[in-house]
Structures are given as C-alpha cells and as structure tokens.
*Asks:* 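This is the structure, below, for whatever I ask next.
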Number of protein chains: 2
Amino acid sequence: MARTAIDSPWKKEAERKQERALKREAVLAAAAHVFSEWGYHRASLDEVARVLNVTKPTLYYYFKNKEAMLFACIQHGLDRLDAAADFADDARASGMERLVAYLRRYAAVIDSDFGRCAVRISDTELSGQSRKKVRRIKGVIDRQIRALVSAGIEDGSIASSDPKVTAFALAGALNSIGQWPPGEASLPGVKLADEYIALLVQGLAPR
Amino acid sequence: MARTAIDSPWKKEAERKQERALKREAVLAAAAHVFSEWGYHRASLDEVARVLNVTKPTLYYYFKNKEAMLFACIQHGLDRLDAAADFADDARASGMERLVAYLRRYAAVIDSDFGRCAVRISDTELSGQSRKKVRRIKGVIDRQIRALVSAGIEDGSIASSDPKVTAFALAGALNSIGQWPPGEASLPGVKLADEYIALLVQGLAPR
DNA sequence: AAAATAAGTTACTCAAAAGTAGAAAAGGCG
DNA sequence: CGCCTTTTCTACTTTTGAGTAACTTATTTT
C-alpha cells in the first residue's frame, strides 16, 4: 500500500512553510496599508500589529525590521508596475494603443496600497543597497514607458519632441492619482484614470 | 534743533523688529530647504539649526515648535501658488492662454523649496486648525484652475469633459515636477515645465 | 551705571517608537 | 506522555529627536 501524500511529514512541513509565507504576506499587506495611509514615519509598527490582531514582536518574526518591510512593500509595488508591460505586448497594436493599455494598468496598480507605497514614499527612506535596487527597478519602468513612446513616434501614432521628458511627465501625472485621498475622489479609480489618460492623449487644445 | 530720526528710540525698535522678521524668514527658508530635501520627519531641527550656524533652542525663539515651522512653510508655498493667478488676469487673453500662463508660474513656484514643501509634504502631518487652513487654501487654488479650465471651455479654447477632474490632473502632473530630485532633471526647471505644459496642451496624439 | 530686554548657548528632560530578551503557548511526533 | 519546534506574548532596553530650564552675553533705555 502506498503511503498517502496527506500523511507524509514532508507534506506537512511544506504546508507549514506555506502558512508562514501566507502570514508574511498578510504582514506585508497590513504594512502597505498603514504605510500608504500614514506615510512611513508616522506609521507605527504597533499600529500594523493592531490591524493584524497580533503584537509588535510577532512582526519581527517575519521581517528583520521596519525598513525591510518598507523595502518589500515598495519592491512589490514596483514589480506590479513593471508587470503592467504585459498589457502592452500586442505586436499588432500601434505604439499609442500599447502605451494606453500600459498606462491604464499602471494606474490601476497605483490605486492600491502597494502601488501607493511605491509611488508616494521616497526611496531616500531606504538605505544603501535597498535604495539602489529600488532605483534600478524605477529605471526599468521609466525605460519601458520611454520605449513605448518612442515606438509610437516611429509608427506615427504619437507626437512627442522628447521621449525622456514625456515618459517622466506621463508617470508623474499618473502617480498623482496615488495622492488622492481615498474618498476625496468621488469617482471610482478606474474612471478617474481613464479621464487622466484621455487628457494626456487628447490634450487640452480642441481638435 | 530737531532730534534726528536716527536717534529716535522708536526707529531703533522698528529696526530691531525688522531684523527679527528677517531672521525669522531665514529660519523659515532653512526649514523649507531641509524639509523639502529630507521630508518632514527625517528632517531634524538640529540640522536646520546647523545650516544657519546656530543651535536648536534659537529656532524656538522664532517659532513655537517644529509643526509651526512646517505650517508656515506650506502656507507660504501655497500663498505663492495662489498668487500665480496674477499671471492669468489678462482679460483680452483666451481661457487657454490664461491657463497656460498660470501653469507656467505654478511650475516655477513648485521648483522652489517652499513650493516643494507645499506640494510634497502631506497635510496630514499637521494637526487640527492648521490642516484645516491648508486645505482651505488648496481648495482655493483648485477652484482657480478649475475656473480657468471652465473659461477655456466657454470660449472654445479648451476641450474638456470634466473641469474638476481636469484641474486635478493638471495640478497632479505639475506637482510631479517637485518630485524630481534636484540634479536628476538635467534640464533647467523652466524648460522642463514648458515640456510638461506642451504635453498637456497638445496631447500625445498627433494633430 | 544700573536695570531691563533681547538673543543665544549649554546641558538637560521627556516621549514615542524601534527593537530585543526571554518566557509561554500551541502543536506535532517519538 | 514528554520532548522538540514553531509561533506568539509580556516586559523590557535603546535610540532619537523634540522641547525646555536656566545661565550667559550683548544691547538698549532710563
């Protein structure tokens, strides 16, 4: 008779590892929520713990320290922004179409706790190596946007004199969505993002 | 023989009051510089004092506490943004022309320490009455932009479906100029602002 | 010259929040 | 059961920086 997978102690260990990973993620989500609401310094770990119905030392069982939590939050947010590129890889679409698809996804990410962390909290809060990593990912994202702008210029779907500045301006405009205090908006995030993007695409001047 | 104005004790008192006011302004400028560079919480008053070649208690001779300094910085920045409206009162100009003039001035203010303080530091750092005042001024500025957008819609120089959202998006896009770390820009602030504004006016789509 | 006032300093207190040591549950496993 | 590992807690220590008390020095006024 074969041993059942359920009875295997190895399985149990994997399960526990998974539970630990889930709890770690829960800590991270709570941290992202509190950080993005209060800012990094005003956010206390006691508050993060309270949200999770645990005590502060428990958090330290999952993360080395407060900065490690912030780094993980920002990195996760940036990774999701980076992954927005997957929405822009339709080879048949024009540069403009791909850019707009990218930006819509980008805006959706920013309208989340991790996105707000990535966009609103200065990377100068991080020290040394972490800051370097964050800056690298930000550079990757910037180049993604720039590449889409350039592609649009090439195929004639976008007019821009300077892809670098345009990319920064686009990111900056969308990032400002993350500044809206939740509730102030009075518009669902997606609707708001579409209005922003429409402005950026069409411009203020009548056509 | 008449007593000379120079010997008048009253004159001297006025002079001293003026010197005190100048010093207070110097403290404020130093605070704005340090706050906008490090953020409110990471900025220490010891650092502000060091910049001025004095010691921390001296600062308390000019301001009640750290929050009062922040409030004054933000208020001053917002007042200058508000005053940008003076650049938009040419009655012969179209709504679009007046809006662009306003935005150019707005961007110039943001590219200063006080502007960066006003735009980057969350008003949730302030408590009670101060926050209320700041929010009021922000509301005034928002309505100024919105009014210009509406005027442009009326006279046909601006195309927009929603002045409220458009005003927010414009402010958000320009505010992001304040996020550029000084030096990263590699462009003089004015040039950068003009590129931003050109994008907002013309849009990405070719005409 | 003496008194009063302004301006600034040294040397502290105090509070808040990060981070830690070590005990205590909780649960699996021989 | 009794041992071992994992997880969490209580009860601290430590650090940082805001804020203050009380003294010193310079200046002005009477």
Side-chain angles (χ1 to χ4, degrees), chain A residues 3-27 30-31 34-35 37-73 125-127 130, chain B residues 3-27 30-31 34-35 37-73 125-127 130:
Chain A
R3 62 201 148 100
T4 66
I6 284 177
D7 291 337
S8 156
W10 190 87
K11 172 78 179 297
K12 292 213 170 172
E13 191 178 327
E15 253 174 43
R16 266 200 281 114
K17 282 231 170 102
Q18 196 185 346
E19 274 208 356
R20 183 181 160 87
L22 276 174
K23 285 182 180 174
R24 198 186 135 101
E25 278 170 40
V27 169
V34 176
F35 288 170
E37 183 171 357
W38 295 91
Y40 179 60
H41 283 282
R42 280 168 65 93
S44 82
L45 294 188
D46 280 318
E47 171 65 13
V48 174
R50 200 191 56 73
V51 166
L52 294 164
N53 295 315
V54 294
T55 58
K56 188 170 57 172
T58 300
L59 307 180
Y60 283 87
Y61 185 66
Y62 295 97
F63 286 91
K64 184 168 168 290
N65 53 30
K66 191 183 183 186
E67 190 189 318
M69 287 182 215
L70 177 63
F71 173 66
C73 286
E125 304 284 358
L126 301 170
S127 51
S130 309
Chain B
R3 64 199 147 102
T4 66
I6 284 178
D7 291 335
S8 155
W10 191 86
K11 173 80 182 293
K12 291 211 171 172
E13 190 179 328
E15 252 174 44
R16 265 201 281 113
K17 282 229 171 103
Q18 195 184 349
E19 274 207 357
R20 184 182 161 88
L22 276 173
K23 286 182 180 173
R24 197 187 136 102
E25 277 171 38
V27 169
V34 175
F35 289 170
E37 182 170 357
W38 295 90
Y40 178 61
H41 283 282
R42 280 167 65 94
S44 82
L45 294 188
D46 281 316
E47 171 65 12
V48 174
R50 201 191 57 73
V51 166
L52 294 165
N53 295 316
V54 294
T55 58
K56 188 170 56 171
T58 299
L59 307 180
Y60 284 87
Y61 185 63
Y62 295 97
F63 286 92
K64 184 168 169 289
N65 54 28
K66 190 183 183 185
E67 191 190 317
M69 289 182 213
L70 176 64
F71 174 66
C73 285
E125 304 284 358
L126 300 169
S127 51
S130 309

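Protein chains get the first letters and strands the later ones, always in sequence-line order, with residue 1 at the start of each.
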*Asks:* Of all the heavy-atom pairs spanning B/A31 and B/V48, show the shortest one and how long it is.
*Replies:* N-CG1, 4.0 Å

*Asks:* Please state how far atom CG in B/D46 lies from atom C1' in D/dG17, giving the value in whole angstrom units.
*Replies:*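 So the two atoms are 7 Å apart, to the nearest Å.
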
*Asks:* For A/K23 and D/dT6, what is the distance between atoms NZ and C1' respectively, to the nearest whole Å?
*Replies:* 9 Å

*Asks:* Could you state the atom-to-atom distance from CZ of A/R24 to C1' of D/dT7 in whole Å?
*Replies:* 16 Å

*Asks:* Does anything in residues 55-65 of chain B come within less than 4.0 Å of DNA chain D? Heavy atoms only, and list the residues if so.
*Replies:* B/K56, B/P57, B/Y60, B/N65

*Asks:* Return the value, rounded to whole Å, for the distance between atom CD of B/E19 and atom C1' of D/dT27.
*Replies:* 12 Å

*Asks:* State the NZ-OG1 distance between A/K23 and A/T58, to the nearest 0.5 angstrom.
*Replies:* 9.0 Å

*Asks:* Check B/Y62 against B/V27 and note the closest heavy-atom contact, atom names and distance.
*Replies:* CD1-CG2, 4.2 Å

*Asks:* Take atom CD of B/E47 and atom P of D/dA18, then tell me their distance rounded to the nearest Å.
*Replies:*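 The answer, rounded to whole Å, is 11 Å.
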
*Asks:* CG of A/L70 versus P of C/dG19: gap in Å, rounded?
*Replies:*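 The answer, rounded to whole Å, is 12 Å.
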
*Asks:* Heavy-atom contacts under 4.0 Å between residues 37-44 of chain A and DNA chain D, which residues?
*Replies:* none

*Asks:* Answer yes or no for A/R20 and A/Y61: cation-pi contact, defined as NZ/CZ to six-membered ring centre under 6.0 Å and angle to ring axis within 45°.
*Replies:*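 Geometry flag: set, cation within 6.0 Å and 45°.
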
*Asks:* Taking all atoms of both residues into account, what is the closest heavy-atom pair of B/K66 and B/H41, and its distance?
*Replies:* NZ-O, 3.9 Å

*Asks:* Looking at B/F71, I'd like to know if the NZ or CZ of B/K64 sits under 6.0 Å from its six-membered ring centre while staying within 45 degrees of the ring's axis.
*Replies:*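 Output no; distance or angle outside limits.
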
*Asks:* Can you check the A/R20 CZ to D/dT5 P distance for me, whole Å?
*Replies:* 16 Å

*Asks:* Does B/E67 use its side chain to pair, donor to acceptor, with the backbone of B/S127 at less than 3.5 Å?
*Replies:*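 Yes.
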
*Asks:* Measure the distance from NZ on B/K66 to C1' on D/dG19 and round it to the nearest whole Å.
*Replies:* 12 Å

